[in-house]
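Letters A, B, ... are given to chains in the order of the sequence lines, protein chains preceding strands, and every chain is numbered from 1.
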Amino acid sequence: MAFDLDRALLDECVHCGFCLPTCPTYAVTGDEAESPRGRIYLMDLATRGEAPVAGPVTQHLDSCLGCLACVPACPSGVKYNQLIESARPQLDREVPRDRFFRSMIFTLFPYPRRLRVAALAGVLYQRLGLRWLTRRSGLLGRLPARARALEGLLPPVRAKDLFARTKGTGTGQTRGVALLTGCAQRVFFKPVNDATVRVLAAEGCRVDLPKGQGCCGALSLHTGRDEEARAFARRTVDAFEGYETVVVNVAGCGSVLKEYGELLRDDPGYAERAAAFAARVRDVSEVLAELEPVARRQPLPLRVAYHDACHLANAQRITRQPRDALRTIPGLELVEVPEEKICCGSAGVYNLLQPAMAERLGRRKAENLASARPDVIATGNAGCLLQIRRYAEGGPLIMHPVELLDWSIHGTAH
Amino acid sequence: MRPASLAELRDAVRDTRGTLLVKGAGTAQGWAGAPDPTDHVLETAGLTGLITYNPADMTVAVRAGTPLALVQQELAAAGQRVSLDPARAGATVGGLVATADSGPLRHAYGGPRDLLIGVTVVLADGTVARSGGHVIKNVAGYDLGKLLCGSFGTLGVLAEVVLRVHPLPPASRTVSIPCDAAEAVKHTGRVLEARLEPAALEWCDGELLARYEGVESSVELRAAATPGGTRLSTADAEAAWRRVAAVGDGDLVVRCGTRPSQLPAVAAHATSLTSSTAVGVHTLRVADVERLRAEFTQVTVLGNKPGVPAWGEPHAAVPLMRAVKQRFDPEGRLGPGRYRPWF
Amino acid sequence: MSLTDLRDQLAARLGRDGIVTDPAHLRTYECDALTGYRVVPALVALPRNAAEVAAAVAACARFKVPFVARGAGTGLSGGALPVADGVVISLQRLRRVLEVDPVDRRATVEPGVTNLDISRAAAKYGLYYSPDPSSQQVCTIGGNVAENSGGAHCLKYGFTVNHILAVDVVLPDGTTTRLGADAPHQAGFDLLGAFVGTEGTLGIVTGVVVRLLHTPATVRTLVANFDSTKDAGDAVTAVIAAGIVPAAIEMMDNLAIQAVNATVDAGFDPDTAAALIVELDGPADEVEARFADLTRLCAKATEVTIARDAEHRAKIWQGRKAAFAAVGRLSPNYFVQDGVVPRTRLGEALTRIAEMGEQAGIRVANVFHAGDGNLHPLVLYSEERGEHERAEALSTAIAELCVELGGSLSGEHGIGTDKACSMPRMFSEDDLATMRRLRAAFDPEGLCNPGKVFPTPRLCGERPGPYRPHPLEAAGVIERL
């Protein structure tokens with residue numbers, strides 16, 4: 001059972017090593033097999049049939065965050081994103097592992113209704129003091145690492161947010177946009193969606209929330225469940241038919257939406273529409289950058305550390321726009337953070353599947369962020385928000401950039 | 001013995017038995033331990049002159065017995081120099097390499113090790129070996145030239161030396177900042193932080209000297225911009241730099257390497273001292289070498305004073321030095337007495 | 001004695017996480033950035049600190065098992081090629097910057113710290129670490145010490161050896177020592193100078209003290225286009241002859257520019273035959289005066305572009321430094337050559353290389369440090385079309401051409417595995433035997449990175465043919481006795 005990867009893609013790697021310092025797992029382990037160069041080497045060996053797919057090949061590909069920091073760093077233009085995305089489904093087919101846990105994640109997260117019920121259980125768990133009890137009693141320590149990871153990521157959700165829905169606004173003049181409200185985002189980060197609508201409206205947009213939308217397929221795609229991802233993608237394309245601009249406020253979703261053309265290229269019914277859809281997708285920071293700021297901003301005298309979400313910075317090459325948007329807030333100071341290009345360890349469901357590595361990266365990120373002594377950490381991705389919140393506990397506020405803008409424009413932090 | 005060619009030198013070493021002392025201009029005969037009387041003295045005075053010099057390549061190959069002054073004279077005609085300014089007038093190029101000697105220009109250019117790009121050496125058994133080459137950038141093979149820096153004639157006889165050269169600066173200006181040793185450390189930091197790029201920065205007995213080299217307008221501007229400095233006339237500058245060189249004329253002189261900021265502690269041992277303040281290499285007259293050695297390990301006695309051991313407690317790398325000596329000169333033919341008590 | 005016993009000892013000392021034994025995993029260590037040579041090691045050790053490195057080396061010494069130190073694996077001469085049945089000791093877990101001392105302008109770092117991270121750590125004091133190999137964002141200081149790495153700015157500031165104050169070394173018997181001192185005055189032989197650049201054959205560095213320099217007051221950079229590489233080469237000669245010591249002079253030919261343009265938008269003209277990047281730095285007035293001379297000396301240039309600001313300059317250098325790897329976009333396979341010629345023979349060397357490439361029917365791109373005559377011809381070929389052997393022969397011939405022109409087999413990439421067999425072209429038996437004496441003083445058992453630098457019958461097959469005079473001997477520059 002050999003691997004089947006595109007030989008031409010593999011051969012583009014000249015083994016120069018320029019990717020090494022960009023790779024989070026390499027930063028932590030110093031092990032060649034935990035670097036992009038080493039992973040490409042392993043994929044190459046497996047494709048040649050010189051190494052079994054099970055064992056180290058699977059292990060070291062599974063430990064890849066998919067943060068894609070190596071892609072812009074590569075002088076030879078290796079398309080690591082394509083390599084890892086075509087390797088993952090093959091791993092899933094050939095090497096059975098974590099079946100139960102994986103299917104639990106994928107029967108839960110992409111479905112807001114199911115997730116609400118689970119999250120409600122989570123809220124109760126936190127509210128009733130069960131969290132305190134499990135932690136205090138040492139029960140937590142006895143839970144499997146992955147269950148602990150799940151527990152630690154539970155955000156402080158308000159029960160009423162779980163069932164309320166974000167509403168669109170129909171008054172904007174400048175531009176009409178449709179917002180993807182997401183799946184987990186809708187449940188865990190309703191305030192971010194609300195803030196997005198308010199800020200866009202304040203800047204003169206009409207914001208629609210198309211019905212029939214659900215999970216965009218990002219979680220599935222980044223974990224090698226490509227068939228499932230395509231089904232989600234088709235539904236999303238249908239739901240957003242006819243909208244000129246599709247706005248997304250989650251980096252991981254945005255990067256996949258922009259790849260729909262590639263994802264559905266072999267689907268005759270959707271290939272063309274998917275490509276056209278992808279071209280209409282914008283991260284909320286891109287839309288804000290294209291708009292002249294009109295809403296009055298009140299000063300926020302805060303030190304803000306902006307964390308680049310990998311799926312924004314590496315996959316979509318968006319680094320300037322969110323910073324520019326934050327700079328429109330008077331008094332706000334953007335501070336520099338060491339290792340700012342290194343992933344926080346969230347990476348979709350990575351922190352659930354690879355909790356040990358995710359924890360090392362989370363702590364490292366939290367320490368680096370803390371060293372800049374920020375009042376607020378801002379980042380444009382749900383996964384990063386959860387992960388950083390977990391390890392920077394008790395420290396600065398952790399917010400989506402649009403929440404800061406909302407604060408400045410509307411005068412209150414929601 | 002006074003060979004006049006590489007072949008004669010090789011024969012002189014290969015065809016004789018017994019111990020050998022290498023002698024250049026004799027300006028550092030007593031350094032690094034008084035040599036024992038040897039069966040033969042091998043003078044390099046017959047090995048003189050430039051071998052190849054192509055100014056556009058900015059390298060020069062010379063026979064080891066050539067006095068540096070002579071090389072400088074030849075190079076000056078083409079507007080170039082070897083950026084090495086040791087105090088010892090008349091010293092040969094080979095002697096300067098063997099003693100790793102340097103002067104104030106070490107601030108910008110380092111010492112012989114940093115200018116040496118190739119050597120030809122005759123080992124104790126008559127083997128003739130080359131390393132390096134005639135180009136400034138070269139990592140092919142081991143750099144035996146560096147090994148010979150500071151070897152004081154104990155590993156082999158230098159026959160030929162290839163050096164990198166630099167353009168002669170069109171103008172030069174020296175600035176004097178009167179200060180004590182502690183202030184000199186601070187002034188040094190200021191001059192460096194001001195990015196004035198002196199070619200030499202030397203504190204000598206109560207005065208920090210900064211020499212600027214380059215185009216005329218620039219050296220004058222930098223001299224004027226030196227914090228706390230007074231611009232010296234050409235004659236005064238020459239006199240000041242002569243005072244620096246003269247520190248080495250003392251009765252008991254040592255060279256000592258420390259962290260640059262330790263200058264005041266070193267100066268406390270000295271009756272007269274000159275120091276490259278950014279580099280941490282000090283040349284000083286002392287009364288009591290042992291007291292200095294109790295505090296600092298990298299101390300070389302420049303000169304031979306009866307009753308003063310040339311070297312102190314062996315440092316961590318001395319066993320390796322012995323191993324190298326054993327491989328290069330297993331019979332101990334070359335320079336017996338040098339490096340006593342380490343060898 | 002057995003490898004199993006050694007493995008058990010290392011596992012006990014370094015932990016299960018500290019060694020690699022799985023065959024597929026081991027293969028990721030089978031080569032460095034020179035992929036033409038591959039050897040699978042028996043074991044990889046991933047020590048976390050100097051004590052663990054010493055323990056690993058001591059264990060190898062006890063079992064008489066050869067070992068090879070490895071940094072980031074960016075070397076281009078196969079210096080970190082493993083030895084079969086030997087151990088690779090990776091220094092990638094020793095990555096702490098231990099001290100940056102702004103008063104005495106030095107930094108103490110572990111060997112796995114990247115070259116650029118030293119400058120990053122020093123930046124807040126206005127200081128930096130000067131040698132800048134093109135791979136500086138990746139390559140480690142330990143590897144730089146082993147290779148005596150150069151870089152574009154070495155023309156003015158010197159190479160690694162000129163910027164290292166001291167190294168802590170684990171010797172091949174597992175004992176440790178320090179070479180060098182607090183200042184560049186050592187009581188004794190310059191063992192530090194002799195050690196730097198020995199390509200990991202004398203011991204493993206576990207700590208490095210580097211000199212830091214203040215960043216220059218002013219930097220001015222220009223890119224000058226020329227109608228031919230010869231015109232560009234002549235301009236280099238004119239600049240040097242005028243007594244200007246630029247911080248850097250780099251040349252790229254058209255093919256190299258095409259590759260760079262596909263990677264970085266640095267604004268290089270895709271149609272020019274050759275471009276020079278010339279950088280001057282230093283006190284403002286000095287730089288301005290010299291820059292005016294420089295512009296004049298580039299009279300034959302078809303166009304001169306002066307870097308607008310720091311960002312533009314950074315782009316230019318980013319493009320230049322990505323050139324080797326960027327060539328991967330032009331050709332599926334290529335050799336990166338590294339030879340040096342005296343500056344006055346640059347034009348001749350480039351012409352000869354072009355002819356040789358034409359004869360072999362193989363494209364050669366050129367991107368190199370023109371100021372010190374350090375050529376980097378990139379020999380482009382296709383494995384698929386079966387051009388490997390022809391390309392390799394051409395690459396070797398180019399290196400040997402450099403020796404013939406009075407230069408060197410390597411300016412900065414090292415001899416490693418790649419060029420060991422060419423060493424007799426540059427050095428006599430006696431020269432090499434003398435170098436081996438130094439090796440024997442450090443490593444009498446020959447366990448430390450064996451098979452590198454020196455030609456061995458196993459690697460090079462038959463002994464070299466009948467005696468041929470060394471090119472410098474033929475030219476009357478040296479005499480062979």
Colleague: Is a side-chain donor-acceptor pair under 3.5 Å present for B/Arg195 with C/Thr215?
Modeller: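 Yes, B/Arg195 and C/Thr215 have a side-chain donor paired with an acceptor closer than 3.5 Å.
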
Colleague: Based on non-hydrogen pairs under 4.5 Å, which of B/Thr154, B/Val279, B/Val121, B/Asn138 is most in contact with chain C?
Modeller: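 Going by pairs under 4.5 Å, I would pick B/Asn138.
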
Colleague: Assess, by modelled atom type and distance only, whether the side chains of C/Arg106 and C/Thr108 contain a donor and an acceptor separated by less than 3.5 Å.
Modeller: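 The criterion, which ignores hydrogens and geometry beyond distance, is not satisfied for C/Thr108 and C/Arg106.
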
Colleague: Given that the side chain runs from C-beta out, which part of B/Leu147 has a heavy atom under 4.5 Å from chain C: side chain, backbone, both or neither?
Modeller: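 It is both, since atoms from each part get that close.
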
Colleague: Heavy-atom distances under 4.5 Å only: say whether C/Leu432 touches chain B with side chain, backbone, both or neither.
Modeller: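 Neither; nothing under 4.5 Å.
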
Colleague: Evaluate C/His214 against B/Glu193 for side chain to side chain contact (heavy atoms under 4.5 Å, CB included), listing each step before the verdict.
Modeller: CA-CA 7 Å; C/His214 282 278; B/Glu193 272 159 32; 3.5 Å; yes

Colleague: Salt bridge between B/Glu220 and B/Arg173, side-chain N to carboxylate O under 4.0 Å?
Modeller: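 Yes, this pair counts.
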
Colleague: If we define contacts as heavy-atom pairs under 4.5 Å, which of C/Glu199, C/Glu288, C/Glu412, C/Arg178 has the most with chain B?
Modeller: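 Of C/Glu199, C/Glu288, C/Glu412, C/Arg178, C/Glu412 has the most heavy-atom pairs under 4.5 Å with chain B.
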
Colleague: Which region of B/Phe328, side chain (C-beta onward) or backbone (N, CA, C, O), has a non-hydrogen atom less than 4.5 Å from a non-hydrogen atom of chain C, or is it both or neither?
Modeller: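 For B/Phe328, the contact with chain C is made by backbone and side chain together.
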
Colleague: Report the option among B/Arg322, B/Gln298, B/His315 that has the most heavy-atom pairs separated by less than 4.5 Å from atoms of chain C.
Modeller: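 The candidate making the most pairs under 4.5 Å is B/Gln298.
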
Colleague: So for C/Phe454, is it side chain, backbone, both, or neither that comes closer than 4.5 Å to the heavy atoms of chain B?
Modeller: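 When you check distances to chain B, only side chain atoms of C/Phe454 fall under 4.5 Å.
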
Colleague: Between chain B and each of C/Leu179, C/Ile240, C/Thr218, C/Val161, count heavy-atom pairs under 4.5 Å; write down the option with the most.
Modeller: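 Counting heavy-atom pairs under 4.5 Å, the top option is C/Val161.
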
Colleague: Verify whether the ring centers belonging to B/Tyr339 and C/Phe189 lie closer than 6.0 Å.
Modeller: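 Under 6.0 Å, so yes.
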
Colleague: For the candidates B/Ala140, B/Ala225, B/Ala108, B/Gly280, which exhibits the highest count of non-hydrogen atom pairs separated by less than 4.5 Å from chain C?
Modeller: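 Most pairs with chain C among the choices: B/Ala140.
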
Colleague: Determine the minimum heavy-atom distance between C/Leu346 and C/Leu375, stating which atoms define it.
Modeller: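 Residues C/Leu346 and C/Leu375, closest heavy atoms: CD2-CD2, 3.6 Å.
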
Colleague: If we define contacts as heavy-atom pairs under 4.5 Å, which of B/Cys149, B/Pro169, B/Pro319 has the most with chain C?
Modeller: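 That would be B/Cys149.
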
Colleague: Hey, is B/Glu197 close enough to C/Lys156 for a salt bridge, meaning N to O under 4.0 Å?
Modeller: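 Between C/Lys156 and B/Glu197 there is a salt bridge, with a charged N closer than 4.0 Å to a carboxylate O.
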
Colleague: Say whether C/Ser428 and C/Asp431, considering side chains only, have a donor N or O and an acceptor N or O under 3.5 Å apart.
Modeller: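 The criterion, which ignores hydrogens and geometry beyond distance, is satisfied for C/Asp431 and C/Ser428.
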
Colleague: So what's closer than 4.5 Å to chain B heavy atoms on C/Met423: side chain, backbone, both or neither?
Modeller: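 For C/Met423, side-chain heavy atoms alone lie under 4.5 Å from chain B.
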
Colleague: Using non-hydrogen atoms and a 4.5 Å limit, figure out which bit of C/Leu165 sits close to chain B: side chain, backbone, both or neither.
Modeller: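 When you check distances to chain B, no heavy atom of C/Leu165 falls under 4.5 Å.
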
Colleague: Are the side chains of B/Val191 and B/Thr226 in touch, meaning some heavy atoms are under 4.5 Å apart?
Modeller: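 In short, these two side chains touch, coming nearer than 4.5 Å.
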
Colleague: Is chain C contacted by the side chain of B/Thr188, its backbone, both, or neither, given a heavy-atom distance below 4.5 Å?
Modeller: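 For B/Thr188, the contact with chain C is made by the side chain alone.
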
Colleague: Ignoring hydrogens and angles, state whether a donor on the side chain of B/Tyr212 or B/Ser218 is under 3.5 Å from an acceptor on the partner side chain.
Modeller: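 No, B/Ser218 and B/Tyr212 have no side-chain donor paired with an acceptor closer than 3.5 Å.
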
Colleague: Which region of B/Leu155, side chain (C-beta onward) or backbone (N, CA, C, O), has a non-hydrogen atom less than 4.5 Å from a non-hydrogen atom of chain C, or is it both or neither?
Modeller: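 When you check distances to chain C, only side chain atoms of B/Leu155 fall under 4.5 Å.
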
Colleague: For the interface with chain B, which of C/Asp430, C/Leu192, C/Thr344, C/Val169 has the highest count of heavy-atom pairs at distances below 4.5 Å?
Modeller: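 The answer is C/Thr344.
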
Colleague: Tell me, side chain or backbone of B/Ala317 under 4.5 Å from chain C's heavy atoms, or both, or neither?
Modeller: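 Both the backbone and the side chain of B/Ala317 come within 4.5 Å of chain C.
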
Colleague: What part of B/Leu144 gets closer than 4.5 Å to chain C, counting heavy atoms only: side chain, backbone, both or neither?
Modeller: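 For B/Leu144, side-chain heavy atoms alone lie under 4.5 Å from chain C.
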
Colleague: For side chain to side chain contact (heavy atoms under 4.5 Å, CB included), just list the numbers for B/Tyr142 and C/Thr201, CA-CA rounded to whole Å, side-chain angles, deciding distance to a tenth of an Å, and then say yes or no.
Modeller: CA-CA 10 Å; B/Tyr142 290 177; C/Thr201 58; 2.6 Å; yes

Colleague: Looking only at the side chains, is there a donor atom on one of B/Ser217 and C/Asp285 sitting less than 3.5 Å from an acceptor on the other?
Modeller: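 Indeed, the side chains of B/Ser217 and C/Asp285 share at least one donor-acceptor pair under 3.5 Å.
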
Colleague: Ion pair present between B/Arg255 and B/Asp101, side-chain N to carboxylate O less than 4.0 angstrom?
Modeller: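 Result for this pair is yes, salt bridge flagged.
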
Colleague: May I ask you to check whether B/His282 and C/His185 place their ring centres under 6.0 Å from each other?
Modeller: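 That pair fails the under 6.0 Å test.
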
Colleague: Name the region of B/Arg164, side chain, backbone, both or neither, that has any atom closer than 4.5 Å to a heavy atom of chain C.
Modeller: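 It is the side chain, since no backbone atom gets that close.
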
Colleague: Go through the atoms of B/Pro170 and report whether side chain, backbone, both or neither lie under 4.5 Å from a heavy atom of chain C.
Modeller: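 The answer is the side chain of B/Pro170.
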
Colleague: A side-chain contact here means heavy atoms from C-beta on lying under 4.5 Å apart; do C/Asn162 and C/Tyr157 qualify?
Modeller: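 The answer is no; the side chains never approach within 4.5 Å.
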
Colleague: C/Lys419, C/Arg290, C/His413: which one forms the most heavy-atom pairs within less than 4.5 Å of chain B?
Modeller: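 Heavy-atom pair counts peak at C/Arg290.
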
Colleague: For C/Ser149 and C/Asn144, which I'm curious about, is there any donor-acceptor pair between the side chains at under 3.5 Å?
Modeller: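 Yes, side-chain donor-acceptor contact under 3.5 Å.
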
Colleague: Taking side chain as everything from C-beta outward and backbone as N, CA, C, O, which of these in B/Gln80 sits under 4.5 Å from a heavy atom of chain C? Side chain, backbone, both or neither.
Modeller: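 Neither; nothing under 4.5 Å.
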
Colleague: Using non-hydrogen atoms and a 4.5 Å limit, figure out which bit of B/Leu123 sits close to chain C: side chain, backbone, both or neither.
Modeller: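 It is the side chain, since no backbone atom gets that close.
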
Colleague: Top residue by heavy-atom pair count (under 4.5 Å) with chain B, among C/Ala241, C/Ala289, C/Pro184, C/Gly197?
Modeller: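 If we count pairs closer than 4.5 Å to chain B, C/Pro184 comes out on top.
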
Colleague: For B/Val215, is it the side chain, the backbone, both or neither that has a heavy atom under 4.5 Å from a heavy atom of chain C?
Modeller: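 Both backbone and side chain.
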
Colleague: Non-hydrogen atoms of chain C under 4.5 Å away: do they reach the side chain of B/Pro260, the backbone, both or neither?
Modeller: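 Answer is both: backbone and side chain atoms of B/Pro260 are under 4.5 Å from chain C.
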
Colleague: Of all of C/Asp190, C/Val103, C/Val245, C/Leu438, which one pairs up most often with chain B through heavy atoms under 4.5 Å apart?
Modeller: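 Result: the option with the highest number of such pairs is C/Asp190.
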
Colleague: Pick one of side chain, backbone, both or neither for B/Ser131, based on which atoms fall under 4.5 Å of a heavy atom in chain C.
Modeller: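 Interface part for B/Ser131: both.
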
Colleague: Between B/Thr99 and chain C, which part of the residue has a heavy atom less than 4.5 Å away: side chain, backbone, both or neither?
Modeller: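 Neither part.
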
Colleague: What residue in B/Met321, B/Gln326, B/Glu216 has the most heavy-atom pairs under 4.5 Å with chain C?
Modeller: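 Ranked by contacts with chain C, first place is B/Met321.
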
Colleague: If you tally heavy-atom pairs under 4.5 Å against chain C, which of B/Gly111, B/Ser261, B/Gly214 wins?
Modeller: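 Winner by heavy-atom pair count: B/Ser261.
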
Colleague: May I ask you to say whether B/Asp125 pairs ionically with C/Arg437, meaning some side-chain N is under 4.0 Å from a carboxylate O?
Modeller: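 Salt bridge: yes.
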
